[in-house]
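Heads up, the thing below is written out as structure tokens.
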Amino acid sequence: MVAASRIAKEKQEDDSDAALRFGFRIVSSTVLHPLHYAKTLIQLGYEPIAPRPGRTLLGARRLMLPNIFQYAAYIKSVDGFTGCFRGLSASLLGNVLSSFYAERLAVVLLGKPTKRSDSKECNTIELIYADIEQHLERKDCNDETPSGGLLHKAVTHVCGVIISHPFHVISIRMMAQFIGREHVYDGLFGSIKEIWANEGISGFFAGIVPRLWMDFLCMTVTCGITYLFTKYSGANETICDHVNTIAHYSVTSVFYPYRVVATCMAVQGSRLRAGNPPMMDHYINWRDCYARLVLQQQHKRGSAFFFRTVASVPAKMNNGAFAPYPELK
């Protein structure tokens, strides 16, 4: 009786913590959306404000683009305060559906998480991940893993991305309308109808491959670094958590170009000016997009909030109003 009461109390606390985390995620996404809006336009290569001569963090003379806060202020000056939250509704809806259905879809695919035992009845895949989980989660084989283990977490994450991606595409296209001043994706249902009529089902999953590829690489490399550090350093759990956070941030920075590619491919194929020449080159596929962005030194655009410098091959400017760039003397 006491054990059952304790389990029920722990379950209630876990549900409360999950609700608080989800609420914080929604609030933070709403508050930070203007910055995400500006970053999306930067990833698409849109630079409406002319660069000015300045200095980098290390003091080198370069042509400097406006920082992300100045960019967000420019959006506000054009569309007003409410215009800074364009695309937020689709993004939040995708997050809600992803959070609600991802875990359930993972259970359908893998089955419910079960307790492990020391016997040979353990699943072969679970045995592969057992050593990693013991170090990352500090749990013994006899303990119950509420999330179902590392494999279950990975599948849940992939399911979440797949569920939310159609709304992710709609959100990006709503924001991309700022470039050409269109009104094609103003409403959620109108946006769904527009994509279905012109691109079919594939339009809702434009750019999903580089997005999944980046998430897979980040998850794999981060877990590998944390696992190796935990296994061979013997550090306590707090230090390992810090190492995991630093590793995740560093790995995400390394694979950031795939996020730029995913954003560009989400817009290409639409009727928006932002996704067609001359604002955006026509890409055969996401690999072609990645190769061309690297060649033009545009694969890192949007990665820095401050000290944004002009690449040797400039991004597309607004009607060419600010071309050519001023020269440094």
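Since the structure is predicted, the reported quantities are computational estimates derived from the model, not experimental observations.
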Ala102 and Cys159: which non-hydrogen atoms are nearest, and at how many Å?
O-CB, 4.0 Å
Look at atom CZ of Arg259 and say whether more than 12 heavy atoms of other residues, nucleotides or ligands are closer to it than 6.0 Å.
no
How far apart are the closest heavy atoms of Tyr290 and Pro257, and which atoms are they?
CE1-CB, 3.7 Å
So do Ile42 and Glu47 actually touch side chain to side chain, heavy atoms under 4.5 Å?
yes
Count I, L, V, M, F, W, Y as connected when their side-chain heavy atoms are under 4.5 Å apart, and connections chain through other members. Are Ile225 and Ile246 then in the same cluster?
no
Do Ser91 and His36 have side-chain heavy atoms sitting under 4.5 Å apart?
no
Show the nearest heavy-atom pair for residues Gly203 and Val169, with the distance to one decimal.
O-CG1, 3.8 Å
Between Ser77 (side chain only) and Tyr74 (backbone N and O only), is there a donor and an acceptor less than 3.5 Å apart?
yes
Stepwise side-chain contact (heavy atoms from CB on, under 4.5 Å) test for Ile179 and Leu272:
CA-CA 9 Å; Ile179 298 175; Leu272 297 177; over 6 Å; no
Common cluster, Val243/Val221, ILVMFWY with side-chain heavy-atom separation under 4.5 Å
no
Short side-chain to backbone donor-acceptor contact, Ser99 and Val96, under 3.5 Å
no
Check: Arg308 and Gln70 side chains under 4.5 Å, non-hydrogen atoms
no
Minimum heavy-atom distance between His183 and Arg181, given as atom pair plus value:
CD2-O, 3.9 Å
Mark yes or no for whether Tyr256, through its side chain, and Gly302, through its backbone, hold a donor-acceptor pair below 3.5 Å.
yes
Give the cluster check for Tyr227 versus Ile239: same hydrophobic cluster or not, with ILVMFWY residues linked at side-chain heavy-atom distances below 4.5 Å.
no
To the nearest 0.5 angstrom, please state how far the OG1 atom of Thr30 sits from the CD1 atom of Ile26.
6.5 Å
Heavy-atom pair with the smallest gap, counting every atom of Met265 and Asn285:
CE-C, 3.9 Å
Parallel, tilted or perpendicular: which fits the ring planes of Phe205 and His165, with parallel below 30° and perpendicular above 60°?
parallel
Does Phe216 have more than 12 heavy atoms from other residues, nucleotides or ligands lying within 6.0 Å of its CZ?
no
Is there a side-chain contact (heavy atoms from CB on, under 4.5 Å) between Cys289 and Gln268 once you walk through the steps?
CA-CA 10 Å; Cys289 178; Gln268 183 170 268; over 6 Å; no
I need the minimum non-hydrogen distance between Arg86 and Met175, along with the two atoms involved.
O-CG, 3.2 Å
Short side-chain to backbone donor-acceptor contact, Ser164 and Gly94, under 3.5 Å
no
Could you check if a side-chain atom of Leu41 sits within less than 4.5 angstrom of a side-chain atom of Ile75, using non-hydrogen atoms only?
yes
By salt bridge (Lys or Arg N to Asp or Glu O under 4.0 Å), Glu182 pairs with (sequence neighbours left out) none
Relative to each other, are the rings of Phe305 and Phe69 parallel, tilted or perpendicular (30° and 60° limits)?
perpendicular
For Arg292, all residues meeting salt bridge (Lys or Arg N to Asp or Glu O under 4.0 Å), sequence neighbours excluded
Asp288
Do Pro34 and Phe81 touch side chain to side chain, with heavy atoms closer than 4.5 Å?
no
Within a strict 4.5 Å, meaning less than it, do heavy atoms of the Val158 and Met219 side chains meet?
no
How long is the gap from OG on Ser202 to CD1 on Ile208, to the nearest 0.5 Å?
12.0 Å
Between the CD1 atom in Ile195 and the CZ atom in Arg173, the distance rounded to the nearest 0.5 Å is 4.5 Å
Please check if Leu97 and Val108 belong to a single hydrophobic cluster, counting links between Ile, Leu, Val, Met, Phe, Trp and Tyr side chain heavy atoms closer than 4.5 Å.
no
For a 4.5 angstrom cut-off between non-hydrogen side-chain atoms, does Ser270 reach Glu199?
yes
The reported gap from CD in Gln297 to OG1 in Thr309 (rounded to nearest 0.5 angstrom) is 9.5 Å
In this structure, would Ile201 and Leu188 fall into the same cluster of hydrophobic residues linked by side-chain contacts under 4.5 Å?
yes
Take Arg271 and Asn276 through the test side-chain contact (heavy atoms from CB on, under 4.5 Å) and record every step on the way to the result.
CA-CA 8 Å; Arg271 294 192 295 138; Asn276 294 279; 5.7 Å; no
Quick one: sort the Phe204 and Trp196 rings into parallel, tilted or perpendicular, breaks at 30° and 60°.
tilted
Straight-line distance of Gln43 CD to Arg301 CZ, nearest 0.5 Å
8.5 Å
dist Phe229:CZ -> Asn244:CG (nearest 0.5 Å) comes out at 11.0 Å
If we ignore hydrogens and angles and just use 3.5 Å, is the side chain of Gln177 paired with the main-chain N or O of Val184 as donor and acceptor?
yes
Looking only at atom types and distance, does a side-chain atom of Arg211 sit under 3.5 Å from a main-chain N or O of Gly207, one as donor and one as acceptor?
no
Within the 4.5 Å heavy-atom criterion, are Lys300 and Val260 side-chain neighbours or not?
no
Return yes if some donor-acceptor pair links the side-chain N/O of Arg61 with the main-chain N/O of Pro53 below 3.5 Å, else return no.
no
